[in-house]
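Data first, discussion second: the structure below is written as structure tokens.
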Amino acid sequence: MKITNFAIFYILIVISLLVFTQWKSEDSNTFINLNHQYDTAMTVATQDAMDQLRTNVIPTKEAGYSSSKFNRVNPEPALQTFLHSLSINFGVEDDVTQDLMSRYVPAFAVMDYDGALLSVYQEIHNSNGEKELKRVWLPKIPFTYHDTEGNIISFTLEEDVTVYDAALDEWINGNRKELVKDPQITIPLLHDEDEFHRIRKNTIVNVFQDELAYYINEHNVYTKQLGVTYKFTLPLIEQEDWYNTVDDISIFTFFQGYPYQRGQGTFNEFALAGGRLEKVDPIHATTVNGEKLYFRESCGFSYTVDEIYSTKKEAAKAGYVEKSCLNEF
């Protein structure tokens with residue numbers, strides 16, 4: 001073989017390597033840019049969902065948070081906002097592709113005041129009695145703890161609780177600080193504030209982790225019907241991130257197994273958005289010298305509290321008259 005042939009062969013090899021290296025470099029840059037774009041899309045969509053959740057929380061309905069422990073949070077608009085924002089940031093405009101994207105969202109979770117709300121895919125029967133795969137909201141999952149004496153405590157993001165007192169064989173609702181004043185209620189955990197909050201936080205985190213892990217794994221049952229081949233699992237989330245959620249209404253979003261537009265691999269990410277909702281100053285009511293009065297807790301009066309209301313209107317409706325914080329008997 002002539003030396004010119006060797007030279008040509010060598011040049012072809014070098015050019016091929018250079019082209020391959022250039023292509024890999026471009027591919028790597030594309031991957032980095034796409035990953036950044038997708039991360040941003042997840043963050044923005046999750047925050048948009050949290051903003052939407054804030055707007056549909058009815059204020060002044062509950063004595064602890066501006067949200068209500070009676071499930072006045074409406075999570076569906078937040079979910080739709082998340083999916084819509086995610087699709088826009090991914091450059092998706094048609095409903096069909098947006099529906100395909102939603103299949104890579106194994107769970108959309110809201111940590112509500114008194115329980116977990118999860119949107120997941122489940123097999124249901126439609127109006128014709130036929131099986132249909134559809135995203136649904138599960139019934140609220142309470143943050144429930146059982147002690148060794150048979151007592152049951154359902155926690156909230158604050159100190160409001162629903163308890164089953166095994167000794168009384170009775171269900172009781174109320175604030176921990178008020179319940180411990182009742183000599184009939186002897187549940188030990190209610191009387192130890194530090195231990196109460198430790199168990200409360202652990203219970204909320206454990207319930208949320210267990211339920212999310214179960215339903216994200218359950219999503220794998222439906223992947224064939226959804227046209228998805230990815231194996232869904234609960235991602236590793238730092239305990240600090242979990243514990244940062246136990247005092248606020250929050251949203252957890254998951255977007256997993258979504259194929260990149262170029263190259264191999266899939267995008268897998270979760271995001272958390274918390275909303276420290278403005279606290280409401282509860283209304284305390286009492287009777288002094290035969291006069292029924294109500295005042296805000298922040299007034300700091302030392303009177304025995306007979307009732308606690310969420311609003312002045314509720315206290316007035318019960319026959320109480322407002323006492324100003326500026327006035328002392």
Side-chain angles (χ1 to χ4, degrees), residues 38 41-42 44-46 48-53 55-57 70-112 114-144 207-235 237 249-261 266-273:
Y38 289 1
M42 269 292 291
V44 171
T46 304
D48 286 346
M50 191 66 230
D51 290 342
Q52 176 62 43
L53 192 67
T55 64
N56 62 47
V57 171
F70 301 113
N71 193 20
R72 291 192 178 95
V73 167
N74 182 5
E76 180 62 21
L79 169 61
Q80 294 305 319
T81 297
F82 170 75
L83 294 175
H84 181 66
S85 177
L86 191 66
S87 63
I88 289 177
N89 285 286
F90 270 70
V92 172
E93 298 181 0
D94 61 284
D95 294 338
V96 174
T97 309
Q98 181 174 322
D99 176 66
L100 291 174
M101 285 187 63
S102 71
R103 301 178 187 190
Y104 293 93
V105 180
F108 180 90
V110 176
M111 181 176 286
D112 200 1
D114 57 346
L117 292 165
L118 271 64
S119 171
V120 299
Y121 277 97
Q122 285 202 331
E123 206 168 51
I124 64 171
H125 288 86
N126 59 28
S127 57
N128 297 323
E130 301 170 337
K131 286 185 178 180
E132 178 183 355
L133 198 59
K134 187 177 181 181
R135 183 178 288 281
V136 300
W137 285 98
L138 301 175
K140 181 179 285 189
I141 303 164
F143 305 128
T144 303
V207 167
F208 223 71
Q209 283 181 329
D210 292 346
E211 295 297 331
L212 277 173
Y214 175 82
Y215 283 105
I216 289 178
N217 182 65
E218 184 76 2
H219 192 68
N220 293 307
V221 176
Y222 310 119
T223 52
K224 285 186 179 181
Q225 298 179 59
L226 293 171
V228 178
T229 58
Y230 182 79
K231 176 73 173 179
F232 292 87
T233 58
L234 179 67
I237 302 175
I249 290 178
S250 307
I251 288 178
F252 278 91
T253 59
F254 301 86
F255 191 54
Q256 300 177 329
Y258 191 73
Y260 285 106
Q261 295 176 0
T266 58
F267 177 74
N268 306 283
E269 191 58 90
F270 73 91
L272 163 66

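One N or O on the side chain of Asn126 and one on the backbone of Asn128 form a donor-acceptor pair closer than 3.5 Å. Asp99 contributes no side-chain N or O that, together with a main-chain N or O of Val96, makes up a donor-acceptor pair within less than 3.5 Å. Under a 3.5 Å cut-off, the side chain of Gln256 and the backbone N or O of Thr233 do form a donor-acceptor pair.
Put simply, the side chain of Phe267 reaches to within 4.5 Å of the side chain of Met42, judged on heavy atoms. Counting heavy atoms from C-beta on, the side chains of Phe82 and Gln52 never come closer than 4.5 Å. Put simply, the side chain of Glu211 does not reach to within 4.5 Å of the side chain of Leu138, judged on heavy atoms. Taking 4.5 Å as the limit, some side-chain heavy atom of Phe254 sits within range of a side-chain heavy atom of Leu234. Two residues are said to be in side-chain contact when any heavy atoms from C-beta on lie closer than 4.5 Å; Ser119 and Tyr215 fail this criterion. The shortest distance between side-chain heavy atoms of Val120 and Glu218 does not fall below 4.5 Å. Taking the side chain as every heavy atom from C-beta outward, Thr46 and Phe270 never approach each other to under 4.5 Å. The side-chain heavy atoms of His125 and Glu130, taken from C-beta on, include no pair separated by under 4.5 Å.
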In sequence, state the C-alpha distance, the side-chain angles, and the governing distance for Trp137 and Leu79, and then conclude on side chain to side chain contact (heavy atoms under 4.5 Å, CB included). CA-CA 10 Å; Trp137 285 98; Leu79 169 61; 3.9 Å; yes

Could you go through the side chain to side chain contact (heavy atoms under 4.5 Å, CB included) check for Leu118 and Leu212 one step at a time? CA-CA 8 Å; Leu118 271 64; Leu212 277 173; 4.2 Å; yes

Could you go through the side chain to side chain contact (heavy atoms under 4.5 Å, CB included) check for Thr81 and His84 one step at a time? CA-CA 5 Å; Thr81 297; His84 181 66; 5.8 Å; no

Could you go step by step and tell me if Asn220 and Lys231 meet the side chain to side chain contact (heavy atoms under 4.5 Å, CB included) rule? CA-CA 6 Å; Asn220 293 307; Lys231 176 73 173 179; 4.0 Å; yes

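The residue from Tyr104, Tyr230, Tyr38 that alone fulfils the side-chain hydrogen bond (donor to acceptor under 3.5 Å, both in side chains) condition with Asn268 is Tyr230.
Here the CG atom belonging to Leu133 is positioned 9.5 Å from the CD atom belonging to Gln122, to the nearest 0.5 angstrom. Separating the OG atom in Ser87 from the CG atom in Asp95 is a distance of 8.5 Å, to the nearest 0.5 Å. Taking OH of Tyr222 as the start and CZ of Arg103 as the end, the distance is 14.5 Å to the nearest 0.5 Å. Note that CD of Gln80 is 12.5 Å distant from OG of Ser85, once rounded to the nearest 0.5 Å. The CG atom of Asp112 sits 7.5 Å away from atom CG of Leu53, with the distance rounded to the nearest 0.5 Å. For the atom pair Ile249 CD1 and Leu117 CG, the distance stands at 9.5 Å (nearest 0.5 Å).
Among all heavy-atom pairs drawn from Ala78 and Ile251, the shortest one is CB-CD1, 4.3 Å. When all heavy atoms of Ser102 and Tyr121 are compared, the closest pair comes out as OG-OH, 3.0 Å.
Taking the six-membered ring for Trp and the full ring otherwise, the centers of Phe90 and Tyr258 sit less than 6.0 Å from each other. Between Phe252 and Phe208, the ring center distance clears the sub-6.0 Å criterion.
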